[in-house]
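Right, one structure below, let's go through it.
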Amino acid sequence: MTEIGEKKELPDVFIDPIDMSELDRGFRKEIQSMPNGEELSACFACSTCTSACPIANIWEIKPHQLIRMIILGIREKVLSSKEIWLCLTCFECQERCPQGVRVTDIFFDCKNLATEEGMIPASIVALGKELIEKGQLYTVTADWEREDLDLEPDVPGLSTDAVKRVLGSTRTGRLVKGGR
Amino acid sequence: MPKKKKDEHRIGVFICSCGTNIGGVINVRKLARDFKDYPGVSFTTSNMFTCSKDGQDKIADMIKEKELTGVVIGACTPKLHEQLFREILEENGLNPFRLAQANLREHDTWVHGDNPEVAYKVAYDLVAGAIERAKTLEDIGFEEYPVDKSVLVIGAGIAGIQSALDLADKGIKVYLVEKYTSIGGYMARLEKTFPTLDCSMCILSPKLSAVERHKNIELLSYSEVIETERDYGNFKVRIKKKPRYVSIDDCINCGACERNCPATGLDEWNLGLGERKAVYTPFPQAVPGVYFLDKESCTHWTDGCTICAEKCPRDAISYDVEPEEIELKVGAIVAATGFVEMDIEELPEYGGGKFAHVLTAGQYGRLLSLVGPTEGKILLPPGFEQSPKRIAYINCAGSRDENHRPWCCNFGCMYTLRHAEMTHRLYGDDIDQWIVYHELRAGGKEYEQFYRRVRESGVQFVRGFPSDMVEEKDGSISFSVFDQGTGSLLRLNFDMVVLTMAVDPSPGAAHLGHMLGVDRSEGGFMKELHPKLEPVNTKSRGIFIAGACQSPKDIPASVADGKAAASAAASHVLKGKVRVQMDKAVVDETLCIGCGLCEKVCPFTAISMTLRDDESQLAEVSSILCTGCGKCQVVCPTGAIKRKHFTTEQIEAEVLGLISAHRKREQAEKTSGGVSS
Amino acid sequence: MSTYSVYIGCSVPANYPNYEASMYKVAELFGLTLEYLEDVACCGSPNLRAMDYWGWTLVNARTLAIADSTEHDIVTPCNGCFGSLKDVYHLLKSDTDYRNRINAELEREGLEFRGTSKPRHFIEVLYTDVGLESIRKKITKPFDGIGIAIHYGCHLLRPGDVTEITPEILSELVRVTGADVVEYALWKQCCGATVLPVDEALAIRLARDKLKSMKDAGAAFATVVCPACCNQLDLQQLGLRESYGEQFDLPILFYPQILGLALGLDEDEVGLGMNRVPAKPILQHFSK
């Protein structure tokens with residue numbers, strides 16, 4: 001028995017529905033104003049995207065649910081979801097959408113918003129770092145292979161400085177600096 | 001007509017608020033006031049609804065009181081009320097063509113609703129243009145032509161049949177043209193109809209017989225309309241009667257020809273399921289109820305086979321029959337050309353045309369027919385030996401899909417339910433039935449109750465669209481679908497998959513629409529004059545549409561349409577005459593140099609070249625063929641040909657009025673430092 | 001014949017010189033002049049697009065603008081580069097506001113995107129500009145109908161309204177060499193390359209399912225037109241064998257290697273020895 005005056009904390013049980021006031025009604029417009037987001041509202045919730053996705057079965061939040069969440073304004077949950085980063089970018093969902101919603105493109109938009117808010121997997125930041133530091137994703141390690149085939153030893157035409165310069169002043173640059 | 005002097009213009013300007021459509025964006029009272037002192041204007045006012053009784057009375061009163069010479073109405077599009085306003089002018093002694101309308105709603109306040117300042121300026125300019133136009137308008141008369149008490153109905157499905165019967169009952173002569181060998185259309189292919197599951201042929205065949213027996217109906221089966229031409233109040237129609245090779249008069253329907261025929265062709269009546277003989281009759285109650293020989297599949301012309309002619313006890317078969325062309329004169333035409341299922345090969349993602357066990361719903365319907373390829377048994381094609389254990393119906397196959405057919409097929413949900421219910425009654429739990437759907441539309445009378453009955457019968461409903469459909473080695477079909485109800489991705493396997501196909505208008509609809517001067521809407525369906533208020537009329541006077549040629553429709557809607565089109569066509573021909581407005585092209589003989597350019601550009605062959613007394617050429621316009629498109633006016637090098645009511649002078653007056661109003665305001669803004677009007 | 005500006009990317013030259021060399025040699029046989037674009041930047045891959053859309057469009061617009069100045073179409077052998085370039089090209093062609101913003105940035109480098117030089121995949125150039133008939137005429141060593149499974153790669157085919165490439169292009173190109181195209185259930189499925197940095201297990205599983213599907217359908221060889229897909233299907237096979245005991249022994253060849261052999265190039269010219277799963281067995285399958 002609990003003694004009088006000694007109160008316990010209420011158990012942490014979430015039984016309340018999402019209150020309308022918690023919905024971010026601007027999220028939909030935000031996505032629609034981003035590249036390839038215009039068709040978002042045409043979604044009629046048929047879940048073809050989910051049927052078409054080769055890996056939706058391992059997603060806790062399915063592709064069509066993400067799209068519905070964007071439309072309703074459950075912003076935080078979408079942007080913090082691990083699913084958007086698991087997207088194969090194979091465009092099967094987008095290709096099959098009967099209403100022309102550019103599902104994969106919209107997930108790219110979400111990943112950009114998530115990145116802006118610091119919710120980005122470290123491995124992706126590492127790739128950004130690679131790009132900024134080396135100016136390319138892959139560097140030639142076995143130049144003898146190239147020479148065997150009469151190819152120039154170095155990557156032809158590729159300007160590593162250009163990548164460093166351009167991305168240094170965009171989000172990638174800020175991200176990499178912040179990560180240091 | 002002598003030109004009026006400037007001070008003789010007495011124009012009345014009526015600005016409509018159209019509720020908040022116009023008045024919610026611009027100040028209509030101010031707009032009316034701003035034209036008080038405009039040259040040539042003797043009266044201005046604004047009302048809440050110019051089309052209301054009050055608004056009409058005001059126009060009538062002012063025409064008389066102010067002796068108006070022209071009326072300008074700033075309101076909605078002339079497509080809606082121009083006719084009404086013209087009648088008010090006419091009733092009050094002013095020629096109906098003395099009306100100029102400024103479209104303040106569609107052309108202005110609906111566009112610039114978010115910018116009232118701009119909207120006001122545009123409204124002012126539009127009204128100014130209309131006033132200048134009104135000053136140049138002339139009186140235009142009418143001509144009347146007789147209309148024949150006869151109607152051509154094209155297409156003998158249920159809509160066309162109903163139209164023909166209703167018209168014939170009113171004592172009107174009806175020609176009913178059907179391109180197939182029998183009348184009946186899609187309904188004749190059905191075993192039962194939703195939601196009552198009454199036998200389709202039991203309710204249709206009395207109508208087929210009635211068509212055959214009605215003294216006012218002349219049936220032209222296996223025939224096609226090849227040309228139509230407007231002929232004053234009537235239409236001249238040329239029809240090609242294709243040879244049946246079996247004489248309708250002599251055939252006694254004994255079937256000896258079919259039994260002995262060695263040649264076969266793909267069975268089009270069964271929508272490509274199985275084959276039929278080259279000489280055949282599509283179904284027992286066919287009308288005309290006689291045999292028919294399909295030249296395409298017959299070997300007479302390739303190998304000289306004459307077996308059917310030899311076996312015929314009545315010598316009813318003859319191979320030396322040529323197509324016949326006949327010409328009719330009718331007062332009106334009803335087009336009821338129906339629909340077809342979208343080509344299944346357009347759906348490779350569902351194995352369309354590739355997987356043998358994927359059928360269209362139309363084909364499945366033929367399996368259910370007691371006179372179909374399997375005599376009502378559900379058997380797997382192409383062998384038709386085994387029954388499937390599991391069937392999936394996939395709704396919206398190609399429908400509501402921006403990549404295929406964006407529209408809803410309207411009846412697919414319901415006939416899929418019908419198929420599931422019929423299959424359940426025949427096979428019970430021996431066939432496991434799944435309906436993969438997205439939104440189930442059951443809006444008609446007692447449709448929802450039918451849907452409930454099918455759910456109760458144990459049919460599995462999965463809400464989602466399938467993906468990754470593959471044909472397994474045993475011919476069965478597997479696909480994935482995300483079931484929204486449980487939130488699980490399912491991998492399902494079926495012996496047979498039935499696609500509820502998207503629906504297209506019949507292939508001939510495009511050509512026919514063009515011939516009849518009927519516009520087409522999305523997907524090629526024929527366009528009605530107004531989607532709500534004139535559903536069976538078209539922009540072509542005397543041409544009416546009924547049934548699925550206008551948009552996909554089920555049987556009750558097609559019948560209602562058929563009746564409506566009959567009623568509209570009857571009131572057109574029973575008047576006995578049409579009044580034609582003479583706002584057409586006219587030729588000024590003194591200016592015409594006979595170059596013939598107008599004749600070349602006229603899309604309606606309304607212009608022909610005649611010889612004058614001095615042998616020089618002169619253009620002549622047929623006012624009945626002329627639609628007033630104005631192409632001739634544009635190309636005429638001397639200005640001899642004028643499209644009355646839209647002459648170059650009248651168009652220029654309107655444009656100049658508009659521009660000068662705009663310029664004057666700009667100048668005023670400059671001098672007053674940019675404050676708007 | 002025609003001249004093209006080649007955007008080779010970084011993965012092809014760094015990891016797959018056999019792809020680069022075979023592409024050049026095949027092009028040479030058809031009289032196509034391939035000129036490397038100079039001073040161009042890495043496309044950044046879908047990962048850059050995910051974290052920095054603006055940066056991604058900017059680097060790729062820069063490449064497109066440089067190509068514009070050459071007045072030749074821009075050709076790439078890599079699906080990743082192709083997807084990036086074509087997507088950005090599509091965006092800038094259809095969105096005037098975005099194009100103006102990008103061009104304002106490019107102006108600093110004295111560049112302007114005009115869109116006169118179209119980004120194209122090398123196989124589409126073979127199919128459209130050279131044509132199946134011309135290719136057929138030059139085939140000297142046709143294959144004996146050996147079954148080849150095609151892995152198209154997602155960014156080659158999709159989104160279709162952007163890439164404007166249909167599967168038939170590559171299947172026809174394979175058939176013209178005398179080989180047979182093996183149809184398999186998972187033909188559309190992704191190789192898994194994109195998720196490799198975030199979920200290696202998933203990436204391996206996708207590659208494995210793909211290889212299994214090809215093998216089950218009876219493929220003796222498979223072809224790819226993307227270095228990232230090749231990583232997943234060729235290199236990954238070694239890992240699958242060592243870590244999971246799954247052995248497929250399915251040689252993965254770049255399409256220009258297959259075509260090159262049929263055109264009479266020898267195995268060294270197309271770098272056949274560099275393929276991770278030994279690819280030389282294909283030399284046994286010339287038509288007798």
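No experiment lies behind these values; they were computed from the predicted model shown. Below, chain A is the first sequence line, B the second, and so on; all start at residue 1. Atom set for the values below is all heavy atoms of this structure, side chains included, hydrogens, waters and symmetry mates excluded.
Residue contact with chain C, scored on non-hydrogen atoms closer than 4.5 Å, involves the side chain of A:T115 exclusively. Contact of A:E92 with chain C is made through backbone and side chain together, with heavy-atom distances under 4.5 Å. Residue A:P121 touches chain C through its side chain alone, counting heavy-atom pairs closer than 4.5 Å. Only the side chain of A:E95 has a heavy atom closer than 4.5 Å to any heavy atom of chain C. Only the backbone of C:L37 has a heavy atom closer than 4.5 Å to any heavy atom of chain A. Contacts between C:D268 and chain A at a heavy-atom distance below 4.5 Å involve the backbone alone (N, CA, C, O). Using a 4.5 Å cut-off between heavy atoms, A:I55 contacts chain C through its side chain alone, with no backbone atom that close. In this structure, chain A has no heavy atom under 4.5 Å from any part of C:Y24. Contacts between A:L131 and chain C at a heavy-atom distance below 4.5 Å involve the side chain alone, from C-beta outward. For chain A, the nearby parts of C:M51 are the backbone and the side chain; heavy atoms of each come within less than 4.5 Å. Using a 4.5 Å cut-off between heavy atoms, C:Y36 contacts chain A through its side chain alone, with no backbone atom that close. For A:I84, no part lies near chain C; criterion is any non-hydrogen pair under 4.5 Å. Contact annotation for A:C110: neither backbone nor side-chain heavy atoms come within less than 4.5 Å of a heavy atom of chain C. Using a 4.5 Å cut-off between heavy atoms, A:I120 touches chain C through its side chain atoms alone. With a 4.5 Å cut-off on non-hydrogen atoms, A:T89 touches chain C through its backbone and its side chain both.
Electrostatic pairing of A:E30 and A:R75 counts as a salt bridge here, judged by a charged N lying under 4.0 Å from a carboxylate O. Ionic pairing of C:D199 and A:K82 is not present here: no N-O contact between side-chain nitrogen and carboxylate oxygen is shorter than 4.0 angstrom. A salt bridge between A:E116 and A:R174 is present, with a side-chain N of the basic residue lying under 4.0 Å from a carboxylate O of the acidic one. Contact check on C:D39 versus C:R62 returns a salt bridge, with a Lys/Arg side-chain nitrogen under 4.0 Å from an Asp/Glu carboxylate oxygen. A salt bridge does not link C:R101 with C:D95: every distance from a Lys NZ or Arg NE/NH1/NH2 to an Asp or Glu carboxylate oxygen is 4.0 Å or more. Under a 4.0 Å N-O distance rule, the pair A:D105/C:R49 qualifies as a salt bridge.
Per-residue heavy-atom pair counts under 4.5 Å with chain C were compared for A:C90, A:A162, A:A142, and the maximum is reached by A:C90. In terms of heavy-atom pairs under 4.5 angstrom with chain A, the leader among C:R205, C:H155, C:E105 is C:H155. Among C:C190, C:P159, C:G160, the residue with the largest count of heavy-atom pairs under 4.5 Å with chain A is C:P159. Ranked by heavy-atom pairs under 4.5 Å with chain A, the first of C:D161, C:I8, C:L157 is C:D161. Taking C:E38, C:E20, C:E269 one by one and counting their heavy-atom pairs under 4.5 Å with chain A, the maximum is reached by C:E20. Your options are A:L149, A:T104, A:V140, A:V163, and the one with the most heavy-atom pairs under 4.5 Å with chain C is A:L149. Contact count versus chain C (heavy atoms, under 4.5 Å) is highest, among A:P156, A:A122, A:S123, for A:P156. Among C:C154, C:G153, C:P227, the residue with the largest count of heavy-atom pairs under 4.5 Å with chain A is C:C154.
The local environment of CD in A:E117 is crowded, with over 12 non-hydrogen atoms from other residues, nucleotides or ligands closer than 6.0 Å. Remark: A:I18 CD1 is loosely packed, at most 12 non-hydrogen atoms of other residues, nucleotides or ligands lying under 6.0 Å away. Under a cut-off of 6.0 angstrom, the local environment of CD in A:E22 is crowded, with over 12 non-hydrogen atoms contributed by other residues, nucleotides or ligands.
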- request: Start with the C-alpha distance between C:F82 and C:F122, add both sets of side-chain angles, then the distance that settles side-chain contact (heavy atoms from CB on, under 4.5 Å), and finish with yes or no.
  value: CA-CA 9 Å; C:F82 173 70; C:F122 179 63; over 6 Å; no
- request: Show the numbers, then the answer: is there a side-chain contact (heavy atoms from CB on, under 4.5 Å) between A:L86 and A:W59?
  value: CA-CA 9 Å; A:L86 276 178; A:W59 287 21; 3.9 Å; yes
Test log, rule side-chain contact (heavy atoms from CB on, under 4.5 Å), inputs A:L158 and C:C10: CA-CA 8 Å; A:L158 208 64; C:C10 59; 3.8 Å; yes
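In this structure, C:F254 and C:Y16 have perpendicular ring planes: the angle between them is above 60°, well past the 30° mark.
In this structure a side-chain-to-backbone donor-acceptor pair under 3.5 Å is present from C:K210 to C:L186.
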